[in-house]
Number of protein chains: 4
Amino acid sequence: MRLLFLGDVCGRTGRQVVADRLPGLRSRWSLDCVVINGENSAGGFGITEAICDGLLDAGADVVTLGNHAFDNREALVFAERQPRMVRPANFPSGTPGRGATMIETGSGHRVMVMNLMGRIFMDALDDPFAVAERELASCPLGEACDAIIIDFHAEATSEKQAFGYFVDGRATLVVGTHTHTPTADHRILSGGTAYLSDAGMCGDYDSVIGMQKEEPVRRFLQKTPGSRFEPAEGEATLCGLAVETDERTGLAIRVAPVRLGPHLEEAVPAFWEP
Amino acid sequence: MRLLFLGDVCGRTGRQVVADRLPGLRSRWSLDCVVINGENSAGGFGITEAICDGLLDAGADVVTLGNHAFDNREALVFAERQPRMVRPANFPSGTPGRGATMIETGSGHRVMVMNLMGRIFMDALDDPFAVAERELASCPLGEACDAIIIDFHAEATSEKQAFGYFVDGRATLVVGTHTHTPTADHRILSGGTAYLSDAGMCGDYDSVIGMQKEEPVRRFLQKTPGSRFEPAEGEATLCGLAVETDERTGLAIRVAPVRLGPHLEEAVPAFWEP
Amino acid sequence: MRLLFLGDVCGRTGRQVVADRLPGLRSRWSLDCVVINGENSAGGFGITEAICDGLLDAGADVVTLGNHAFDNREALVFAERQPRMVRPANFPSGTPGRGATMIETGSGHRVMVMNLMGRIFMDALDDPFAVAERELASCPLGEACDAIIIDFHAEATSEKQAFGYFVDGRATLVVGTHTHTPTADHRILSGGTAYLSDAGMCGDYDSVIGMQKEEPVRRFLQKTPGSRFEPAEGEATLCGLAVETDERTGLAIRVAPVRLGPHLEEAVPAFWEP
Amino acid sequence: MRLLFLGDVCGRTGRQVVADRLPGLRSRWSLDCVVINGENSAGGFGITEAICDGLLDAGADVVTLGNHAFDNREALVFAERQPRMVRPANFPSGTPGRGATMIETGSGHRVMVMNLMGRIFMDALDDPFAVAERELASCPLGEACDAIIIDFHAEATSEKQAFGYFVDGRATLVVGTHTHTPTADHRILSGGTAYLSDAGMCGDYDSVIGMQKEEPVRRFLQKTPGSRFEPAEGEATLCGLAVETDERTGLAIRVAPVRLGPHLEEAVPAFWEP
Ligand SMILES: [Fe+2]
Ligand SMILES: [Fe+2]
Ligand SMILES: [Fe+2]
Ligand SMILES: [Fe+2]
Ligand SMILES: [Fe+2]
Ligand SMILES: [Fe+2]
Ligand SMILES: [Fe+2]
Ligand SMILES: [Fe+2]
């Protein structure tokens, strides 16, 4: 299978680059499954139903979230009826929506997508390792499904890497999100799980993690109130990871970064280029 | 000028890869100045005088540090007499050693190297932005020196990026360290400052940020005491950033990642390859 | 029933004041049940079996713990066989020991004692509110037991107070520990639960939260390594809370602080003084 | 001299209790100087000029602040022209207002009032210990002034206590604020400085640190967005500390808590009661 994961879509310009580029990539690379983190897609904070539908229409199979999942309250409602969107699975019980979902791709593959939040430097939540253990036990890769994609939304590289090893061999892909900055440590762990500490964002990189830079810079200098953070509006860069799996095991056999747009060095999966 | 920055050297294997590779690279790429972060070079925690000397002997012009600067107490003493090692400039006044140093390279260039620590998710320290402002005011790039290299040792991508814009046009390079994971956002900001959120580590990447992975993984699962963290001992990867400057302005004109060793995708500055 | 709760016993001097004073108070005030937080009783960090036995011998019915529960590894072993010691109930599943215990007092009352840790400014743990909800549902006050004492070990006053209201009417007493500083907000909430944000410590108050003060003060001034924290060794003050319950409901009808020793203003429950 | 310090005034009900009680106490206890923390006086967040004037009119000589100093932007303006209001002295240079002020009381005494913020579990700020050192060096107690009152606005008891010892003998009073919960550790340190870890708030204690309790409790249970925090509106309790000084040295000779109102146990300085 050919999987594409795209990092946190940030504001209007982030949605634009997805809408502009994803349909072409989906066909050019013969993608079987696309997962996109949408936690910042609505003005930088949260997601709306129309925006989620837009990401799905552009070619996403599943949308993942993170700490900003419910910044836009509309998500509290449509999370319940949208089986193709997941919020962190270690949110408190009773939280609207679901933390993992199983979908069937157009190519007939069963893909499980899970969203988890780390706890180091983050909100107080229940243990994501324990939640993953339970979910993976009930959905063995290669038996109950053809691929398992885990978006581990977290700050600390130590927690992300530890989680990667923890599920190595039991998931197809562990990809970090949240820092809005792509890391260059894409690799396949020894057990066969593809890993990347952070996918980066789909947004305008002439910014402070997607936000217009004046106010963030000011807040590091002064402790007085200022204006709200506003998403940067320059041209966005599509950022993520390409993974090819072994159809027999569901594990990864190839992995490569994807970066398309200004500011960052361009990267595409050479192994899929026609 | 041709500058090379290498990220946190982690333990014996990190020192080994520097000793093995740096002399050759220095000559192959005709490097004018090499700066290496050494905060984890002594068994993963701190640095000793012998190890610092070893890094300088291998080809470093200056060694930078971070939150682990004084984990090995020996550094409290030799920091005073070693003008080629800098610890965070925003440590409290009275801290042994210096936060910035001006060296003359073999090629006769004057290079200022500064070390700063961020504050988000880090120790309580004085404002690194204010300290940088003062230091840069007293050492204008292109006038008082030919290059200014700032190792901004920090956790949060927001703080690193904000700092990059803050000094854009006034420093040659702002490079983050501390997460031990290379980011893929190397670029030249609009004012001419080369920027990378994190250089990654010179260490064994089959690890949790340089440490043998069993104990870190265990600590995410259990809250009971365990063993100490020990540096991973597999083959290390050299990780960092190559920057070429405009001799006239001291600003950056080319930037490229460097990754040499197992686990990570190899990267070298094509523009310097003979 | 007459209940006494004593805050974190800190080092040798803390154990001494308990040994010296508790037997007399137990008889003078006709106490039915005594609970003591022992997380710092062994040299300031953790607890040993001999020390736990000593606290029980001095008159404690149950010993509670906190983030330092297992600083002394011996506790990993004897926690399993000591039904009168509880560690935080929201530690990960698989942690040795128990988070709640039901004991029968000498007076024939059934008392449930629970230990929980808050999460604000503390370690990453599972939700203490959810754990309390489950435990209280399975042990209704006034039906399954005659008193329920909850040691909520936490930093933030907001979390402690919110927890107090959360279980108000369902527990006899919610008492905070961990800050080693007694608060003066003892009261009975509207539902009948006695509440105090922090019991303070049984230790030497001429100290920084029980530790000899030179090194803690130094660490606020300098970021260089120093010596270990050592428990202060001056005369200790006994610190805690006295609660009288309605035998019929198990709820609180009287509450008063207890402070006996140097440095702090003395306080005893006037309603029990002969 | 007779000094009274009152903790964080919280919302309308907090202002009401100050207006109702302070004029009478000022005369009944023949107070020479009154200092009030006003960081939450405007709807729980910040302060306005009218409200600051109201606190001064009710009998305050100086108003102190904290992390909420500028929540109400009006304070950015009037802080400049109001010499009787201080915001944390370790805010960045360039912050409007002042961090310390010297006033002359009606009784002709010179009193220096300083506001500082701790850094443990708080915002990233410059070192409050270093700032205090500078300020105290330039204003020796008993020489340049008759009393020095320091409001140390902080979360952690360790930092508050360490700060108390740090200035012991050089200030009349170190009193903590911010937790909105009075501690019971009022005492005179060995050098003569009166100390209290937290003064508590002037507000409605049937609340979570001054806020209506439903929303704070809900936020500990759920990670979904809710309503804003609103100040509780029940009858407030006046909370603070009474200190009597030695006119010759400016050091403290007597200290007692003040708690007047519902929910908490009443306390007044017996040594001043007519
Ligand atoms: Fe995000
Ligand atoms: Fe996020
Ligand atoms: Fe490091
Ligand atoms: Fe570091
Ligand atoms: Fe403790
Ligand atoms: Fe504790
Ligand atoms: Fe406050
Ligand atoms: Fe505050």
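Throughout, protein chains are lettered first and strands after them, A, B, ... in sequence-line order, and every chain is numbered starting at 1. These numbers come from the heavy atoms of this one structure, side chains and all, not from hydrogens, waters or symmetry mates. Only a predicted model underlies this, so the values are computations on that prediction, with no experimental measurement involved.
- Residue-environment remark: CZ (A:R12) stays at or below the threshold of 12 foreign heavy atoms within 6.0 Å.
- Minimum interatomic distance between B:S158 and A:F220 (heavy atoms only, all atoms of both residues): O-CE1, 3.9 Å.
- Neither the backbone nor the side chain of B:A256 comes within less than 4.5 Å of any heavy atom in chain A.
- A 4.5 Å side-chain heavy-atom check between B:T157 and A:H180 finds every atom pair outside the cut-off.
- Put simply, of A:P128, A:P257, A:G210, A:A184, the one with the most heavy-atom pairs under 4.5 Å next to chain B is A:A184.
- In this structure, the side chain of A:E265 does not engage the main chain of B:H186 through any donor-acceptor pair within 3.5 Å.
- Only the side chain of B:S197 comes within contact range of chain A, with at least one heavy atom under 4.5 Å from a heavy atom of that chain.
- No more than 12 heavy-atom neighbours from other residues, nucleotides or ligands sit within 6.0 angstrom of CD on A:E233.
- Contact tally against chain B (heavy-atom pairs below 4.5 Å) for A:M211, A:R187, A:K213: the top residue is A:R187.
- With a 4.5 angstrom heavy-atom cutoff, A:E159 touches chain B via backbone and side-chain atoms both.
- Of the atoms belonging to A:D185, heavy atoms from both backbone and side chain fall under 4.5 Å from chain B.
- Top candidate by heavy-atom pairs under 4.5 Å with chain B, chosen from A:L189, A:T181, A:L221, A:D198, is A:T181.
- No part of B:I188 comes within reach of chain A, as not one of its non-hydrogen atoms sits under 4.5 angstrom from that chain.
- Proximity to chain B (any heavy atom under 4.5 Å) is shown, for A:F163, by neither the backbone nor the side chain.
- The neighbour count for A:E215 CD, taken as heavy atoms of other residues, nucleotides or ligands under 6.0 Å away, is above 12.
- Residue B:Y205 holds its OH atom at 8.5 Å from CD of A:Q161, rounded to the nearest 0.5 Å.
- Proximity to chain B (any heavy atom under 4.5 Å) is restricted, for A:R259, to the side chain, taken from C-beta onward.
- Contact annotation for B:Y165: only side-chain heavy atoms (C-beta onward) come within less than 4.5 Å of a heavy atom of chain A.
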